[in-house]
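Remarks on the structure that follows.
Counting starts at 1 for both ligands and their atoms, in listed order. We count residues from 1, following the sequence as given.
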Amino acid sequence: MFKKNRHGIQIKSAEQLEKMRAAGLVVGRTLELLRRSVEPGMTPLDLDVIAEKAIRDEGAIPSFKGYQGFPATICASVNDEVVHGIPTNVRKLREGDLISIDCGAILDGWHGDSAVTVGVGEVDPELTELMRVTEESMWRGIAALEVGRRLSDIGHEIEKFVRSQGRRFGIPQEYGGHGIGTEMHMDPWIANHGKPGKGPVLEAGMCLAIEPMVNLGTDRTRVLADDWTVVTMDGKPSAHFEHSVAVTHNGPWVLTALDGGKERLAQL
Ligand code: MG
Ligand code: MG
């Protein structure tokens with residue numbers, strides 16, 4: 001019933017993909033709500049409360065909560081925090097901050113996982129540019145999810161786009177995307193950099209979470225004493241975007257995008 005290919009990658013049936021889509025939409029709608037909710041004076045914990053209610057109201061379960069001991073529904077990573085920030089009410093969001101919100105939910109046994117970075121109020125143009133480059137790199141990676149292409153094409157397209165942007169951004173090498181389905185993190189791991197044409201051939205029915213992180217400065221990171229929060233080594237800001245995507249014979253189906261990714265993919 002849960003089929004895997006010879007590389008150990010879960011291959012979903014058409015019916016199972018519909019269930020992945022339903023889970024993906026719960027995450028997509030929750031993130032859209034959070035994106036609209038962000039404003040100066042809120043705390044990351046306020047956003048976490050909104051996220052948990054939105055997910056449970058849809059009959060789904062927050063997948064991060066309790067995952068390897070993680071205490072919350074969302075990861076909230078502010079400014080120099082790259083990923084895996086724990087939402088608290090210690091510090092209020094201020095005008096000019098960046099917040100990366102990562103969110104996952106389980107519906108009917110199937111997972112969705114997606115992330116956005118949002119500016120709090122008006123932000124510096126340099127940060128707007130960082131968000132634009134990171135999000136666009138994600139879409140370039142997603143566009144590589146065509147039947148017959150190779151896994152490493154994804155990271156290659158992400159890196160190629162980031163490197164074409166005329167300034168030296170950092171791409172943390174130790175974090176990347178992943179397969180997703182009956183578990184949040186499944187094979188394969190997906191680098192956000194590297195050479196094309198390597199790794200397993202992409203097949204219809206694979207579901208992959210594509211999630212570039214891009215730093216304004218160095219690609220080097222460290223983990224804080226809470227054992228979760230990843231921050232940039234030089235203290236410069238970072239952005240993170242993620243979608244869960246199905247490989248289909250009709251091209252990539254962006255399960256966590258409300259329109260399935262149609263509009264953005266058509267613009268590439
Ligand atoms: Mg995520
Ligand atoms: Mg993920």
Would you mind naming the N, O or S atom of [X] nearest to the Mg ion (ligand 1)?
X: Glu242; result: OE1
X: Asp113; result: OD1
X: Asp102; result: OD1

Closest heavy-atom pair and its distance - His178, Met184: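 Taking every non-hydrogen atom into account, ND1-O, 3.0 Å.
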Under 3.5 Å side-chain donor-acceptor pair for His111 and Glu183: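 There is no such pair (donor and acceptor under 3.5 Å, judged by atom type) between the side chains of His111 and Glu183.
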Within the 6.0 Å centroid threshold, strictly below: Tyr67 and His185: yes
Greater than 12 external heavy atoms within 6.0 Å of Glu15's CD: no
cation_pi(Arg163, Phe161) dist<6.0 Å, angle<=45: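 No.
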Backbone or side-chain N/O/S of His185 under 2.8 Å of the Mg ion (ligand 2): no
N, O or S atom within Glu211 nearest to the Mg ion (ligand 2), by name: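 Atom name returned: OE2.
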